[in-house]
Each structure stands twice: as C-alpha cells, then as structure tokens.
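Everything on this sheet refers to the single structure shown next.
Just so it is clear: chains get the letters A, B, ... in the order the sequence lines come, proteins before strands, and each one is counted from 1.
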2 protein chains.
Amino acid sequence: MTALLRSSISPTNHAAPRAVLAVIEGGRSEAESLAELQAIGATVRVAKNASLFQGGDASDRVYKVVSGAVRTCRMLVDGRRQIADFFLPGDFFGLDWQATHSFTAEALADTVVISYPRRQLESLAERNPAIQRLVMSMLCKGLAASQEQVVMLGRQTAHERLAWFLLRVRERSGGSDEIDMPMSRMDMADYLGLTIETVSRGMSEFKRRQYISAINTHQIRLTGLNALQALASGESVH
Amino acid sequence: MTALLRSSISPTNHAAPRAVLAVIEGGRSEAESLAELQAIGATVRVAKNASLFQGGDASDRVYKVVSGAVRTCRMLVDGRRQIADFFLPGDFFGLDWQATHSFTAEALADTVVISYPRRQLESLAERNPAIQRLVMSMLCKGLAASQEQVVMLGRQTAHERLAWFLLRVRERSGGSDEIDMPMSRMDMADYLGLTIETVSRGMSEFKRRQYISAINTHQIRLTGLNALQALASGESVH
DNA sequence: CGCAAGTTTGACGTACATCAAGTAGTGTGG
DNA sequence: CCACACTACTTGATGTACGTCAAACTTGCG
C-alpha cells in the first residue's frame, strides 16, 4: 500500500559504533582478525520503511544491523507478500552470495547498519580463516533459520506458528520473558504466512489463556512459556 | 507408518563412479583442485527408504548423490512431516555445518552417494580457495532453495505450489519437458505442505487443462509450460 | 485535540483437510 | 502367464481452520 522509496543513504567510513562481538564456532573470539572486517565497514542510516536493496539489485554489499531492525521480503505480482526473516542488532544479512539479491531488505524502524563491500569481504575470507568461518557460520545460521521456517509454514497451525514466533523472538533478543517486537501485525502475518486478523485473534486467544500479557502492541510479557513451547513443537495441547 | 530403519551401509573408499563436474561461480571448472575432493570421498549404497542420517545425529559427513534420489525431512511428534528438499544426481546435501543435523536424510529409491568426511572437507576448504568457493556455492544454493520454498509455502495456493514444483523438477533434471519424478505423491505433499489428496486432485486438474500429460505416475510430460509458469509466479490465471 | 493508521472483533465464505470408497499399478508365488 | 495381495493413487462427500469483508476500537502523531 504505502510506496516504499529508497532512502537517502549517508555512508560514512570507519565509524562502527559498536565492537564486533561475534563469537564463532569453537568459542574463540578472534577479535584481532575481525578488526580487519571492521576496517572495511561503512555506517549507513536507513529511515523506517526505506529499502537497503531490492530484489534483483546486484548483491555487492553485506550488512550488519547496529540498531533498529530489518526485514527481507518478496512481493508477488498481486500484492501477496512473504517475509523471509527479521534481523535484529548484531545480525548479518544480505549475504546471498549470488549475482543479485532475490529479496528486498527494508527497515522496520529508523535503523543503523554497517555495510561491507562484498568483493573485499570475499578476498578477506580467502586469506583469513577466521573471517571465512564467520561467513560460513552466518550462511549456515541463515540456512537453518530458513529451514525451520519451512517446517513452520508447511506443517504448523496458526496457533503453533504464533507460539513458535514469540519464542523465536524471545531467544533472538536475549531470552528475557519481556520481549519487544519492532514489527507490526502485518509483518508478523507476512512472516508466518497468515493474515493480520488471524495473528490478532491468536494474540487475543493467548492473552485469554494467559500465555502472554501485553504491555502494549509492541511489547509483550510471556507468562506461559511451557504452554507456548508445547504448542510450538507441535504437541497437541488442544 | 512404515518403519524406516537405517540401511546396512557398505562404504568402499576411493571408488567415485563419476567425475566431479561442478562448475562454480565464474564459469571455470577447476578440475585439478576438485581432484583433491574426489580423493577423500567414499561411495555408499543406500536402500530405498533407508536413512543416511537422522535429525540429531552428529553432522560429520557431507554427501553427493551419484544415482537415485534423497529427501531431507523432519517429523513432528504427531506424525506430520515436512520435506526440506529433494536431491538428484550431482546434488550435495548434509552440509549443515552445525554440530548436529537438524533434518533426517532418506533415500527415495535405491541410491548411491559419495560421502566426504566433514573435518577433511573443512581443512581442505581452508587451504584451497576453489574448494572453499564450491562449499560456499553449495550453501548459497541451499539457502536460496529454502527461501524460495518459504515463499511458496507462505503465500501460494495449492495449484500454484504444484505448478512451481513441476517446473522446479523440470529445471533440476535437465530442462526437458519430459520429466520423471522419483518421489511419491506423499513426498510431493510433504514437500509442498499439502495432503496427498490435494496433490492428486491438482495433478488431475492439470491433466484436464492439458498443462501436463501423464506417461505414468512417476513420469510426466509438460505440455503447457506458459500456463504453468504463469501459475507458479503468482499471476491469477483463474 | 483530532485525524489517520494500526489493531481488534464479528459475521460469513472458501480452499484445503479429513474421512471414506473405489481403481490402478506392483511384486510374489503357483 | 495369471491369480493374489498389497500398496499407491484417484475420486467423492463432508468438515473446518483460516481468509475475506466490514465495522468498531485504540494508538500515536501533527
């Protein structure tokens, strides 16, 4: 509905506002080699609903969220939309490693990302095993996330999807029972393969059952973790 | 229903029945470096419906299909099943790069695969950029495939899914209009997030519309490519 | 405060699932 | 080669979870 125009992007080099804290498989933090990575990053500001790249664009950059949140999505010709994933601070995205992006990336809110030139990252990875492992780990995380989503979309009911989603956001944002959700009901629906009405009804039902208590629309407290986990994993709680 | 037991696996070293023909991004065939890969592969025979690995198993091997076909799937507690992907001759799978596999791999038919030890492949990749790029390209292909499936499952109707599936199998198996499908209706249904009845009705409908003509249940001729493509991409043909 | 956008709730429709009954392939033993 | 059983597939009748349409209600921003 609302036209999503490309934002005015303002790249400013070597001003990464946060240290790279990624700890890769094996447990070592490898700060020294990741400094190399930090050196090639450029900070970029994106306005709410503006896009970082569109499906079909040359995929020549990789991104990391610093603050705010990002969604990757695809639109079908008749307006149906599917969101592939959400990215929170610390997450990498845009790592398609194909010639062109197959999804569009948009900011959920005013967002700051660090952008890395793909060519430089690639050659860095070839020479530096730590970077290589980091890239691998990012790709694998993406693959795993996508495959979990496939199971969810293919075989779970609306309630199960919702429970699964809430638990997933919880985990990704630190594991506290009080989670905030930067995305709208529309975004949730388009991620879960549902409509906003079904999502809304589900949330209301969960409140009634006291699985959750709402602070406001974008902030929720999980009060029935066990019940939600049972639902999400496909046990029939009825 | 039918219990799927682990097959009696008979590994015989350095007997790769086919040359590695993968052409990686950039177009060069890099046969010399891939010979290294071939050296660490072991040929394995798997009986129909036997599993190569189960979800939860340590992921210490990567596989390539030589002949036959493989599915990766997950079963929910109540018997619902989702197939993540099918793998035809030439395809790599099992490349989770996590500690354990999150899906089970089973043979659709009597199948021959080459199995590579993960540790060796990993160290090979660190020293050999061609192998590294090959691994990357495999991961990225997997990610892209999974994300396409997400869109399909999240936002397409039963007919659209079927059309999409037929075209996908066509592409993957060489692009001929006469395609054979090693998977059962059950497998198709579990891949597409549908029931066998819905798949069957869809196929019948496509025959009626002359989008396809069946040679037999596992062999089909596509006779309305345009119509199928329109359907698959989400245009409403009605 | 007041409007517009986002969310919730209700009434109703429909695409696909479920249940059930055939029909056609596929392998086995005589 | 055919009879038999078994499994896979097809087709029909019916149910239901979720979508669609519509109207309140709520929230946030100028």
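Taking atom CD of A:Glu197 as the reference point, atom C1' of D:dC18 lies 10 Å away to the nearest angstrom. Atoms CG (B:Asn216) and P (C:dT23) sit 21 Å apart, rounded to a whole Å. If you measure from atom CG of A:Leu194 to atom P of C:dA15, you get 18 Å, rounded to the nearest angstrom. Separating the CG atom of A:Asp78 from the C1' atom of D:dT20 is a distance of 15 Å, rounded to the nearest angstrom. Distance, B:Lys207 NZ to C:dA24 P: 12 Å, rounded to whole Å. Atom CG of A:Asp190 and atom C1' of C:dG6 are 14 Å apart (whole Å).
Put simply, A:Ser200 has no side-chain N or O that comes within less than 4.0 Å of OP1 or OP2 on C:dT9. Considering only side-chain N and O atoms, B:Thr217 lies nowhere under 4.0 angstrom from the phosphate OP1 or OP2 of D:dC9. The shortest distance between the side-chain N/O atoms of B:Thr198 and the OP1/OP2 oxygens of C:dA17 is below 4.0 Å.
A salt bridge does not link A:Arg168 to A:Glu171: none of the charged nitrogens lies less than 4.0 Å from a carboxylate oxygen. Ion pairing of B:Arg45 with B:Asp110 is absent here, as no side-chain N (NZ or NE/NH1/NH2) approaches a carboxylate O to less than 4.0 Å.
Taking only distance into account, the side chain of A:Arg201 never meets the base of D:dG19 through a donor-acceptor pair shorter than 3.5 Å.
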